[in-house]
2 protein chains.
Amino acid sequence: MVHMGHIKIMEITIDIDDPVPLFAQLIEQIKKAVLSDKIGPGDALPSIRQLANDLELNSKTVAKAYRLLERDSVIQTKGYRGTFIHPDAKSNSTVDLNEWVMTKLNEMITTFRESGVTDSEIRIAFGNAMNNRGN
Amino acid sequence: MVHMGHIKIMEITIDIDDPVPLFAQLIEQIKKAVLSDKIGPGDALPSIRQLANDLELNSKTVAKAYRLLERDSVIQTKGYRGTFIHPDAKSNSTVDLNEWVMTKLNEMITTFRESGVTDSEIRIAFGNAMNNRGN
DNA sequence: ATATGAACCATGTGTGGTGATGGTACAATG
DNA sequence: CATTGTACCATCACCACACATGGTTCATAT
């Protein structure tokens with residue numbers, strides 16, 4: 001059986017001119033669909049190649065979105081069987097990992113600035129820190 | 001009196017090919033001179049323009065080094081009267097503000113990574129945080 | 001065979017930051 | 001008038017990264 005036609009049609013619109021990265025637009029809209037109950041736990045998502053083809057995107061771009069959605073437990077990939085909406089998709093769609101990161105970084109940056117550390121110095125130090133997986 | 005010749009001669013060598021930024025080389029060497037007692041509290045430093053001329057550097061580059069040294073209380077600028085070594089220069093030369101920044105950032109970055117946050121996401125969030133002075 | 005996600009190879013474009021340079025101008029002071 | 005530090009204006013090359021693209025290959029399983 002090739003699709004059988006009962007894969008949820010994704011009402012997804014990708015705007016090339018939108019400053020928001022394509023993979024991010026994808027994530028946004030899938031989470032939105034989950035939050036508004038247009039898709040729910042167990043529902044199958046189009047395959048990466050399929051969706052890439054439909055939206056005229058590169059498969060790597062879609063794969064990136066799927067990878068992040070899976071990390072956040074919004075979707076679940078079951079190897080060759082395809083990708084499905086995660087049981088806890090709804091609650092996990094509200095949790096914004098990036099927001100937490102932003103908050104923590106803002107606090108730290110504020111502290112640095114108040115201590116007289118230059119923005120330039122903060123950036124340099126950050127760059128170094130990111131390149132020192134060893135400590 | 002034009003200099004009177006008793007301004008400490010700075011034994012400073014700037015290496016253009018050194019990957020270390022010129023202004024940073026300057027800071028290093030001045031702190032080093034302080035730590036090895038080659039110059040001490042009260043001693044006058046060459047004026048920004050003077051040093052820039054001697055080392056064949058742009059005055060902005062020297063100004064940047066002086067600005068950072070003053071922030072760290074290694075030197076003290078007295079407006080039109082010139083720049084002098086700070087009373088607590090020696091102890092302040094060992095305190096490395098950047099090291100503290102690096103340590104804090106490393107801790108936070110490690111936490112983020114352990115939480116599954118992508119390096120790319122961390123960088124993006126950091127960039128946003130730096131551009132949100134207001135919150 | 002066909003299709004899945006995934007892991008590699010690679011390229012190009014655009015953006016944004018640093019470092020360094022140059023010039024001009026200022027108030028304060030000698 | 002000369003000199004101090006400082007604050008603006010500006011330009012340039014360099015580098016690192018994000019984003020997106022393309023192609024190939026892989027084990028897995030229908």
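Naming convention: chains lettered A, B, ... in sequence-line order (proteins, then strands); numbering from 1 in each chain.
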Which heavy atom in B/Ser93 sits nearest to a heavy atom in B/Val34, and how many Å separate them? OG-CG1, 3.7 Å
How many Å lie between CG on B/Leu55 and C1' on C/dA20, as a whole number? 14 Å
When we call it a touch if two heavy atoms are under 4.0 Å apart, what does A/Glu121 touch: a base, just sugar-phosphate, or nothing? nothing
So which atom in B/Ile12 and which in B/Leu55 form the shortest heavy-atom distance, rounded to 0.1 Å? O-CD2, 3.8 Å
Atom-pair distance (CG on B/Asp119; P on D/dA16), nearest Å: 16 Å
Let me know the distance between CZ of B/Phe126 and P of D/dA18, rounded to the nearest Å. 13 Å
Evaluate the side-chain proximity of B/Phe23 to B/Leu57: yes if any heavy-atom separation is below 4.5 Å, no if none is. no
For A/Ser59, answer base if it contacts any base atom (sugar-phosphate contacts may also be present), sugar-phosphate if it contacts only those atoms, and nothing otherwise; contact means non-hydrogen atoms under 4.0 Å. nothing
Report yes if some heavy atom in the side chain of A/Val117 is under 4.5 Å from a heavy atom in the side chain of B/Leu97; otherwise report no. yes
Given C/dG17, D/dC17, D/dA20, identify the nucleotide with an atom nearest to the side chain of A/Pro21. D/dA20
It should be established whether A/Ser120 places a side-chain nitrogen or oxygen under 4.0 Å from OP1 or OP2 of nucleotide C/dG19. yes
Can you find a side chain N or O atom of B/Ser47 that sits less than 4.0 Å from OP1 or OP2 on D/dT4? yes
Under 4.0 Å between a side-chain N/O of A/Asn58 and OP1 or OP2 of D/dG22, yes or no? yes
Between D/dT6, D/dA20, C/dG19, spot the one nearest the side chain of A/Phe23, thanks. D/dA20
Please tell me which of the listed nucleotides, D/dT21, D/dA18, C/dG5, lies nearest to the side chain of B/Arg123? D/dA18
Mind checking whether A/Ile48 and A/Tyr66 have side chains closer than 4.5 Å, heavy atoms only? yes
Among residues at least two apart in sequence or on other chains, which ones pass salt bridge (charged side-chain N to carboxylate O under 4.0 Å, His left out) with B/Lys90? B/Asp37
B/Asn53 CG to D/dA2 C1', in whole Å, measures 15 Å
Separation of C/dG17 P from B/Met130 CE (nearest whole Å): 9 Å
Rounded distance (Å) that lies between atom P of D/dT4 and atom CZ of B/Phe84: 11 Å
Taking ring pair (Phe, Tyr, Trp, His ring centres under 6.0 Å) as the definition, give me every residue that meets it alongside A/Phe112, ordered by chain and number, with sequence neighbours left out. B/Trp100
Touch class at under 4.0 angstrom, heavy-atom based, for A/Lys64 against every strand present: sugar-phosphate
Would one find a side-chain N or O of A/Thr77 under 4.0 angstrom from OP1 or OP2 of C/dA6? yes
Atom CG of B/Leu68 to atom P of C/dG19: distance rounded to whole Å? 10 Å
Quick one: on DNA chain D, does B/Gly79 or A/Gly127 contact a more 5' nucleotide (nearest heavy atom)? B/Gly79
For A/Ile27 and D/dA20, what is the distance between atoms CD1 and P respectively, to the nearest whole Å? 10 Å
One character per nucleotide, please: for nucleotides 24-30 of chain C, 5' to 3', B when the base has a protein heavy atom closer than 4.0 Å, S when only the sugar-phosphate does, - otherwise. -B--BSS
With B/Glu121, which of A/Arg71, A/Arg67, A/Lys64 fulfils salt bridge (Lys or Arg N to Asp or Glu O under 4.0 Å)? A/Arg71
